[in-house]
Amino acid sequence: MKSALEIKPDISYKSAGKFEETRFEKIHNEIFKSSAEASIIVAQEIAQLIRSKQEKNKSCVLGLATGSSPIKVYEELVRMHREEGLSFSNVITFNLDEYYPMNKENNQSYHYFMHQHLFNHIDIKPENVNIPDGTVSIDELNQYCIDYEMNIKQAGGLDFQLLGIGRTGHVGFNEPGSHINSGTRIITLDHITRVDASSDFNGIDNVPKRAITMGVSTIMRSKRIVLMAWGQNKADIIKRTVQGDISSEVPATFLQNHPNATFVLDQSAASELTRFKTPWLVGECIWTQELKSKAIVWLCQKTNQSILKLTDRDYNNNGMSDLLAQEGSAYDLNINMFNVLQHTITGWPGGKPNTDDSHRPERANPAKKRVILFSPHPDDDVISMGGTFSKLIKQGHDVHVVYQTSGNIAVTDDEALKFAEVCNDFTGGNLPKDINFKSVIEFLNNKSENQIDSLEVRKLKGLIRRRESYAATRYIGLKDENTHFLDLPFYETGQVKKNPLGPEDIAIVKNIIAKIKPHQVFAAGDLADPHGTHEVCLNAIFAAMKQLKPEKYMDDCWLWLYRGAWHEWDIHEIDMAVPLSPSEVLLKRHAILYHQSQKDRVMFQGNDSREFWVRAEDRNKNTAILYDKLGLAEYEAIEAFKRFDY
């Protein structure tokens, strides 16, 4: 009996409709609304395989992956072991890779990862766990890799291989250039791979430059392969892998030739596939207003024309003839789309008083609104919406900024040491009771690799971020009493890996909303944050607002999502576009620069080497340029927001 996912491509494409929809795709894939839902399905397939092997009194040989993608799969397997009696006594595992050199005890090692997330919580036999050894001497490494391959063969080969995918297209650590016949070996990591791992290692300088990895041929011999990818950051490489030509430059494309491989994706990771990005190119569409907007903006960009210049021929020649037939003429389509975009633009993000608001993104009443601006870290507010933040204050609204986490993990040891030494010198021995600066200095000067900061050091780093925030909000014009710091508990682990969102976190967010009773809530909807804090903070807001929904004041509360320093909303997604003047762009830049600990040496900057103020400025100016090219008014910069119905 095959699982819901175990469908070969030739079976998947039997129906004409399905074939038409997926005709650009060369690997079978399944799309889910969320990674959590998808992970449960994958875990169920693994559990089914384990049980079927147990019934036949056979071993089940699993190839396992590390990284963020499989974590929820492992959580579900652990749950099934504890609550449903799933036994791993017949399971033999082989992990894909390990950094080199790397001690097993190091909390960045994949040995540590696997035991933390899976092996310590199930009944697998220790002798059945195989993870590449990052401590093998370089002289013995070649033979070690040969032996690792032989151990897989002697176990009967891999029954199931779980994979993630890197932005370079690597599977395991088979970086671009890896040969299809490659076996287990040592490899030099691509710079992009090291950049993506830098958040786990507190900076790219600490990321190992080499790793031991299973080879492409080893992976391809697996009887069943499931590759998982979550989030917008993986969308481009998923498109290249699923729709592109087979090439060693994108090693994951070799999977196109595997007879039983499935890609399991969330909607964000699948968003660049042709059937999602431009579905009018693969077949007939149901033309919702959102899809019309998306298609017309795309058509403008493809033809390099403004909206009002598009012709019937432009629509017909670019897969949109059915839309044209439905609407009657390019003229009608163009005028309607122009008006939709025109109505998103406003210089009054809190609503313009005493004005007809029927074509405005925000209500006119109440004229003075209570506003909460949630900021996951103590700088996302000014980075993402510093200009809008300033306008809301100047236009007389009761604005509150709420910092959800301390942000202490993003302060370097050097920065903390500098502040500790200044404070120690200034106090002359009369030290505050809650921080002993001499002990902080001693700790930082003697801190070992991967050591978690002491509570005093974390408190100092949090205070650095807090005082930078006060400086920035004062510059914007906000009163100190309207600046709030939640220090949500999930974040306070002292390391990059955070705790799951808990009831206490949600209760804290709920309490601040209930206290202020806002008419507007602004929250970070950018889930490309490299270590996931934005997503957790947004989920806390969603959960809190859902619990508060029965309250009468919530009937008048609108939720607006902004995006951070990684991605902007696509034009067709924008519900409110707030133009900024040159002076407002400069004000925003200066506010960001008050966050000095995050300047020059950004610890978690993701795949973009630019400083946050540069990214934000470029992003806002690019949005304005896009509006201008579409034929709308020309502005210096635009901050964009999407309304969310919670």
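Numbering starts at 1 and runs along the sequence shown.
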S.K.: With a 4.5 Å heavy-atom cut-off, do I508 and P489 have their side chains touching?
M.R.: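 Yes, their side chains come closer than 4.5 Å.
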S.K.: State whether the number of non-hydrogen atoms from other residues, nucleotides or ligands found under 6.0 Å of E481 atom CD is greater than 12.
M.R.: yes
S.K.: Atom CG of D645 and atom CH2 of W558: how far apart are they, to the nearest 0.5 Å?
M.R.: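 It comes to 9.5 Å.
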S.K.: Does the Q520 side chain pair with the main chain of P349, one donor and one acceptor, at a distance under 3.5 Å?
M.R.: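 Such a contact is found between Q520 side chain and P349 backbone.
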S.K.: Specify whether F522 and F641 have parallel, tilted or perpendicular ring planes, treating 30° as the upper limit for parallel and 60° as the lower limit for perpendicular.
M.R.: perpendicular
S.K.: Taking D356 for its side chain and S358 for its backbone only, find out whether a donor-acceptor pair lies under 3.5 Å.
M.R.: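 Yes; judged by distance alone, with no hydrogens or angles, the pair exists.
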S.K.: Determine whether I574 and T623 make a side-chain contact, defined as any pair of heavy atoms from C-beta on separated by less than 4.5 Å.
M.R.: yes
S.K.: Given 3.5 Å as the limit, does a donor-acceptor pair link the side chain of T253 with the main chain of S247, or not?
M.R.: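 Present.
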S.K.: Hey, is the main chain of R458 close enough, under 3.5 Å, to the side chain of D453 for a donor-acceptor pair?
M.R.: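 Looks like no, no N/O pair under 3.5 Å.
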S.K.: Quick one: list whatever passes salt bridge (charged side-chain N to carboxylate O under 4.0 Å, His left out) with E327, sequence neighbours left out.
M.R.: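 Salt bridge (charged side-chain N to carboxylate O under 4.0 Å, His left out) list for E327, sorted by chain: K292.
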S.K.: Classify the angle between the aromatic ring planes of H484 and H400 as parallel (below 30°), tilted (30 to 60°) or perpendicular (above 60°).
M.R.: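 If you compare the ring of H484 with that of H400, the planes turn out parallel.
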S.K.: Treating H397 as the side-chain partner and K369 as the backbone partner, does any N or O pair qualify as donor plus acceptor under 3.5 Å?
M.R.: yes
S.K.: Which atom pair, heavy atoms only, marks the closest approach of P579 to T346?
M.R.: CD-O, 3.1 Å
S.K.: Measuring only between side-chain heavy atoms, which start at C-beta, is D380 closer than 4.5 Å to H534?
M.R.: yes
S.K.: Tell me if a side-chain donor or acceptor on T483 pairs with a main-chain N or O of V401 at a distance below 3.5 Å.
M.R.: no
S.K.: Go through the steps for Y475 and Y594 under the test ring-ring contact (aromatic ring centres under 6.0 Å, His included), then give the verdict.
M.R.: CA-CA 9 Å; Y475 180 74; Y594 274 104; 5.4 Å; yes
S.K.: Which heavy atom of C557 sits nearest to which heavy atom of M545, and what is that distance?
M.R.: SG-CE, 3.8 Å
S.K.: With heavy-atom distances below 4.5 Å as the criterion, would you say the side chains of P353 and W348 are in contact?
M.R.: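 SC-SC contact between P353 and W348 confirmed.
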S.K.: So does K642 have more than 12 non-hydrogen atoms from other groups sitting under 6.0 Å from NZ?
M.R.: yes
S.K.: Just do the side-chain contact (heavy atoms from CB on, under 4.5 Å) check on L593 and K599 with the steps written out, would you?
M.R.: CA-CA 7 Å; L593 292 178; K599 190 178 181 299; 3.7 Å; yes
S.K.: Indicate the atoms forming the closest heavy-atom contact of I192 with R167, along with that distance.
M.R.: CG2-NH2, 3.2 Å
S.K.: Regarding D487 and R466, does a basic nitrogen lie under 4.0 Å from an acidic carboxylate oxygen?
M.R.: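 So D487 pairs with R466 through a salt bridge.
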S.K.: Do Q598 side-chain atoms and A410 backbone N/O form a donor-acceptor pair below 3.5 Å?
M.R.: yes
S.K.: By the side chain to side chain donor-acceptor pair (under 3.5 Å) test, which pairs, at least two apart or in different chains, include something from residues 296-308?
M.R.: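 Found K302-N318, T303-Q305, Q305-D314.
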S.K.: Check whether any side-chain heavy atom of R465 lies under 4.5 Å from a side-chain heavy atom of N408, and answer yes or no.
M.R.: no
S.K.: Closest heavy-atom contact between I383 and A616?
M.R.: O-CB, 3.3 Å
S.K.: Below 4.5 Å, heavy atoms only, C-beta onward: do I409 and K498 meet side chain to side chain?
M.R.: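 Contact flag for I409/K498 side chains = yes.
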S.K.: Given the rule in the side-chain contact (heavy atoms from CB on, under 4.5 Å) test, do M554 and I513 qualify, once you have shown the distances and angles that lead to the verdict?
M.R.: CA-CA 10 Å; M554 294 300 289; I513 296 173; 4.3 Å; yes
S.K.: Can you sort out the partners of K277 under salt bridge (charged side-chain N to carboxylate O under 4.0 Å, His left out), two or more places apart, ordered by chain and number?
M.R.: E272
S.K.: side-chain contact (heavy atoms from CB on, under 4.5 Å) between R363 and D556: does it pass, once the steps are laid out?
M.R.: CA-CA 10 Å; R363 304 148 290 173; D556 297 322; 4.3 Å; yes
S.K.: Stepwise, does the side chain to side chain donor-acceptor pair (under 3.5 Å) test hold for T388 with E639?
M.R.: CA-CA 7 Å; T388 303; E639 291 178 338; 2.6 Å; yes
S.K.: Less than 4.5 Å apart, side chain to side chain, heavy atoms only: is that true for H191 and I204?
M.R.: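 Counting from C-beta outward, H191 and I204 do come under 4.5 Å.
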S.K.: Restricting to non-hydrogen atoms, name the atom on G525 and the atom on W569 that form the minimum distance, rounded to 0.1 Å.
M.R.: O-CH2, 4.2 Å
S.K.: Within this structure, what is the NZ-OG1 distance for the pair K294 and T278, rounded to the nearest 0.5 Å?
M.R.: 7.5 Å
S.K.: Within the distance-only criterion (no hydrogens, no angle test), does the side chain of E636 pair as donor or acceptor with the backbone N or O of V585 below 3.5 angstrom?
M.R.: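 Checked: no pair found.
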S.K.: Before you tell me yes or no, could you show the steps for Q232 and S271 under side-chain contact (heavy atoms from CB on, under 4.5 Å), namely the whole-Å CA-CA distance, both residues' side-chain angles and the distance that decides it to 0.1 Å?
M.R.: CA-CA 7 Å; Q232 189 69 41; S271 61; 3.4 Å; yes
S.K.: Find the distance between CG (L373) and CG (N482) and round it off to the nearest 0.5 Å.
M.R.: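 Between atom CG of L373 and atom CG of N482 there are 11.5 Å.
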S.K.: For the atom pair CD1 (I638) and OH (Y627), what is the distance rounded to the nearest 0.5 Å?
M.R.: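 Atom-to-atom, I638:CD1 and Y627:OH are 6.0 Å apart.
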S.K.: Report yes if the side chains of H595 and S469 come closer than 4.5 Å at any heavy-atom pair, otherwise no.
M.R.: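 H595 vs S469: side chains touch.
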S.K.: What's the shortest heavy-atom distance between H343 and P361, and which atoms?
M.R.: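 It is O-CD, 3.3 Å.
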S.K.: Apply side chain to side chain donor-acceptor pair (under 3.5 Å) to S406 and E492, showing your working.
M.R.: CA-CA 8 Å; S406 68; E492 298 302 321; 2.7 Å; yes
S.K.: Supply the atom-to-atom distance L463 CG to E468 CD, rounded to the nearest 0.5 angstrom.
M.R.: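 Answer for the CG-CD pair, L463 versus E468, is 11.0 Å.
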S.K.: Would you check if the side chain of S384 reaches a backbone N or O of R563 as a donor-acceptor pair within less than 3.5 Å?
M.R.: yes
S.K.: What distance do I372 atom CD1 and L559 atom CG have between them, rounded to the nearest 0.5 Å?
M.R.: 10.5 Å
S.K.: Can you check whether Y470's main-chain N or O pairs, donor with acceptor, with T473's side chain at less than 3.5 Å?
M.R.: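 Between the backbone of Y470 and the side chain of T473 there is a qualifying donor-acceptor contact (under 3.5 Å).
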S.K.: Pick from L273, V282, V242: which one makes a side-chain contact (heavy atoms from CB on, under 4.5 Å) with F24?
M.R.: V282
S.K.: Would you call D357 and K352 a salt bridge, using N to O less than 4.0 angstrom?
M.R.: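 Not counted as a salt bridge, because no side-chain N and carboxylate O are separated by less than 4.0 Å.
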S.K.: Please indicate whether R240 has more than 12 foreign heavy atoms, meaning atoms of other residues, nucleotides or ligands, lying under 6.0 Å from its CZ.
M.R.: no
